[in-house]
Amino acid sequence: MSNPPFFRHAAVSPLSPFPHPPSLTGFGDPPSTAGPAGLTPPAGPAEWSFPADPGCVRTARAVVRDTLRTWRLDPLTDVAVLLVSELVTNSMRYASGPVGLRLRPVGGPGAGGGIRVEVSDTLPVPPLLRAAAPDEEGGRGLQLVASVSLRWGTRCGGTGKTVWFELGSAG
């Protein structure tokens, strides 16, 4: 099965160095020109592709932490890491093949800054938001994403799907 469109073909493993956020053009909305407190935001999104193995969840959390620290969006880190863990775990559990992760700064001057996070996999079936029974071990990840994020959604294509969410700084 082929990779969703934005996947990098160089996989990141727990032992490889974290890639620096690349400057990319042609993806979604153009980046803003100023961030929180007049800081200049990154030039574009940062993205990775992970092999579908249990260690990729830990690696995804680490690259999110590292990238948000570099982008000076520390207040978003804990929530972003939690939600990324949920979505990457779901991708690993239900899809075969690589899991893609993409971070993109959103917001502009006076908006306080924020991020859009996208997790992609090769399964074209959208996830189902449902109410989990009290004794179920799973089924709460999307509820968490929906209740904590500013916005969230899914995009499906012939080669897989992307589940995305946005977080913003308090302001």
With rounding to the nearest 0.5 angstrom, report the [atom1] to [atom2] distance, [X] to [Y].
X      : Y     : atom1 : atom2 : answer
Leu167 : Leu83 : CG    : CG    : 6.0 Å
Arg65  : Asp78 : CZ    : CG    : 8.0 Å
Leu123 : Asn90 : CG    : CG    : 11.0 Å
Lys161 : Tyr94 : NZ    : OH    : 10.0 Å
Leu68  : Asp74 : CG    : CG    : 7.5 Å
Phe50  : Thr59 : CZ    : OG1   : 6.5 Å

For a quick test of reading the model, state the closest non-hydrogen atom pair linking [X] to [Y] and the distance between them.
X      : Y      : answer
Gly114 : Leu73  : O-CD1, 3.9 Å
Ser91  : Ser120 : OG-O, 4.4 Å
Gly139 : Ala132 : O-CB, 3.8 Å

For [X], what residues pass the side-chain hydrogen bond (donor to acceptor under 3.5 Å, both in side chains) criterion, not counting sequence neighbours?
X      : answer
Glu136 : Arg130
Glu166 : Arg116, Arg151
Ser85  : Arg61
Arg140 : none

Query raised in the report: Counting only N and O atoms by type, is there a donor-acceptor contact under 3.5 Å from the side chain of Thr67 to the main-chain atoms of Val64?
Result: no
Requested in this report: Show the numbers, then the answer: is there a side-chain contact (heavy atoms from CB on, under 4.5 Å) between Trp152 and Leu129?
Outcome: CA-CA 12 Å; Trp152 76 281; Leu129 181 63; 4.0 Å; yes
Query raised in the report: How would you list, by chain and number, every residue that makes a side-chain contact (heavy atoms from CB on, under 4.5 Å) with Pro126, sequence neighbours excluded?
Result: Thr154, Cys156
Requested in this report: Take Phe165 and Val79 through the test side-chain contact (heavy atoms from CB on, under 4.5 Å) and record every step on the way to the result.
Outcome: CA-CA 11 Å; Phe165 63 87; Val79 173; 6.0 Å; no
Query - Shared hydrophobic cluster for Trp164 and Leu87 (ILVMFWY, side-chain gaps under 4.5 Å) - result: no
**Report entry** Passing candidate, side chain to side chain contact (heavy atoms under 4.5 Å, CB included) with Glu86, options Val119, Val148, Leu144
**Finding:** Leu144
Query raised in the report: side chain to side chain contact (heavy atoms under 4.5 Å, CB included) with Val88: which of Asp121, Val163, Val99?
Result: Val99
Query raised in the report: Would a 4.5 Å heavy-atom cut-off, applied to side chains only, mark Pro98 and Thr122 as touching?
Result: yes
Query raised in the report: Do the charged groups of Glu118 and Arg155 touch, with an N to O distance under 4.0 Å?
Result: yes
